[in-house]
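For clarity, every value in this text was computed on a predicted model and none was experimentally measured.
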Amino acid sequence: EFKECLNIGIPVVLERSVICLGHVTFASLIAKLGVVRFAAHTIAIQAEQAFYIPGYGFQTAAATLVGNAVGQKDEHKVKEVTCGIALFIFAEQLMGIFTPDHEVITLGARVLRIVSISEPLYGILVILEGTFNGMGDTKAPFVFSLFTMWGIRVTGSWLMINVFHQSIEAVWIMMVFDNIA
């Protein structure tokens with residue numbers, strides 16, 4: 001029924017909006033740190049996202065399986081595979097794909113190694129989001145995303161940059177805290 005679609009869909013739209021606006025705000029905070037740091041951040045984000053593809057595939061599978069399981073009143077187990085170790089080991093090589101600038105590669109590899117520790121947890125989060133969505137509970141992922149993106153990542157990054165005068169590494173640590181939370 002249409003009302004049920006709205007009840008499930010509106011929180012998903014709100015969650016995606018919170019996350020997208022958070023990423024834009026997060027990037028604008030990092031831009032204040034200078035061109036090299038912003039370039040390293042932007043390239044590292046792109047390299048990191050390549051490792052999310054399996055997680056998002058499992059998220060879709062989890063939403064489908066859990067949705068079917070809820071409909072059939074049967075339980076299914078979903079497993080997740082992460083690539084955090086590869087991200088840590090091959091950080092320079094990944095950055096080198098996108099830029100020849102040694103300073104950007106070095107800084108980008110440093111932040112990729114920072115975030116690599118949270119990749120397994122982030123992968124689980126992505127799958128849990130699919131699980132909640134499959135059960136029809138789209139409000140919980142929205143609330144968690146609102147809290148973690150804006151309460152931890154954006155606010156923490158703002159504090160790191162504007163109050164504690166830290167650099168990009170501290171900002172990426174806020175991203176790790178967001179992923180862990």
Side-chain angles (χ1 to χ4, degrees), residues 6-60 62-63 80 82-84 87 91 94-95 98 104 107-134 137-181:
L6 288 176
N7 286 337
I8 291 173
I10 288 174
V12 172
V13 169
L14 292 173
E15 182 211 4
R16 298 293 180 219
S17 298
V18 161
I19 289 173
C20 289
L21 290 172
H23 283 292
V24 169
T25 304
F26 184 63
S28 71
L29 289 168
I30 293 169
K32 294 178 182 179
L33 296 173
V35 174
V36 170
R37 286 173 178 77
F38 187 69
H41 165 77
T42 302
I43 292 169
I45 285 286
Q46 296 306 311
E48 179 198 24
Q49 288 178 352
F51 289 91
Y52 294 162
I53 293 168
Y56 283 116
F58 281 106
Q59 177 192 45
T60 301
E80 182 266 337
T82 63
C83 299
L87 187 63
L94 284 168
M95 291 298 296
F98 298 100
V104 172
L107 188 55
R110 209 163 38 233
V111 297
L112 281 175
R113 287 190 174 110
I114 289 169
V115 80
S116 72
I117 64 168
S118 69
E119 292 302 308
L121 294 171
Y122 185 75
I124 292 167
L125 166 74
V126 167
I127 292 168
L128 285 174
E129 181 183 332
T131 302
F132 277 106
N133 289 345
D137 184 359
T138 55
K139 291 179 181 95
F142 164 65
V143 171
F144 286 120
S145 293
L146 180 63
F147 170 73
T148 61
M149 175 58 76
W150 287 91
I152 296 173
R153 186 183 299 206
V154 172
T155 302
S157 296
W158 185 88
L159 288 169
M160 288 295 122
I161 292 168
N162 295 307
V163 175
F164 300 112
H165 308 290
Q166 296 295 307
S167 189
I168 189 170
E169 293 90 347
V171 171
W172 275 60
I173 289 171
M174 291 296 101
M175 190 164 73
V176 168
F177 288 161
D178 170 11
N179 289 349
I180 291 171

From CG (L125) to CD1 (I180), nearest 0.5 Å = 11.5 Å

Keeping the roles fixed (side chain from S145, backbone from F142), state whether a donor-acceptor pair exists under 3.5 Å.
-> no

Could you list the residues that satisfy salt bridge (Lys or Arg N to Asp or Glu O under 4.0 Å) with R37, not counting sequence neighbours?
-> none

To the nearest 0.5 Å, tell me how far I19 CD1 sits from L146 CG.
-> 10.0 Å

In Å, rounded to the nearest 0.5 Å, how long is the span from CD of Q46 to CD1 of I43?
-> 9.0 Å

Interatomic spacing from CD1 in I168 to CD1 in I173 - rounded to 0.5 Å = 11.5 Å

Any M149 side-chain heavy atom under 4.5 Å of V154 side chain = yes

Would you name the heavy atoms of A40 and G108 that are closest together and state the gap between them?
-> CB-N, 3.7 Å

Name the orientation class of the two ring planes belonging to F144 and F132 (parallel below 30°, tilted from 30 to 60°, perpendicular beyond 60°).
-> tilted

Assess whether side-chain contact (heavy atoms from CB on, under 4.5 Å) is satisfied between V13 and R16, documenting all intermediate values.
-> CA-CA 5 Å; V13 169; R16 298 293 180 219; over 6 Å; no

Run the numbers on M95 and L107 for side-chain contact (heavy atoms from CB on, under 4.5 Å), then give the verdict.
-> CA-CA 9 Å; M95 291 298 296; L107 188 55; over 6 Å; no

Could you go through the side chain to side chain donor-acceptor pair (under 3.5 Å) check for N133 and T138 one step at a time?
-> CA-CA 5 Å; N133 289 345; T138 55; 5.3 Å; no

Indicate yes or no: at least one non-hydrogen side-chain atom of V18 is less than 4.5 angstrom from one of E15.
-> no

Mind checking the CZ-OG1 spacing from F147 to T155? Nearest 0.5 Å is all I need.
-> 9.5 Å

Within a strict 4.5 Å, meaning less than it, do heavy atoms of the V111 and V115 side chains meet?
-> no

Compile the donor-acceptor pairs under 3.5 Å between side chains in residues 20-34 and protein atoms, sequence neighbours left out, one pair per line.
from : atom 1 : to  : atom 2 : distance (Å)
T25  : OG1    : L21 : O      : 2.9
S28  : OG     : T25 : O      : 2.7

Are side-chain heavy atoms of M174 and Q166 found at a separation under 4.5 Å?
-> no

To the nearest 0.5 Å, atom CD of E169 lies from atom CZ of R113 at 12.5 Å

What heavy-atom pair brings L112 and A44 nearest, and what distance separates the two atoms?
-> CD2-O, 3.3 Å

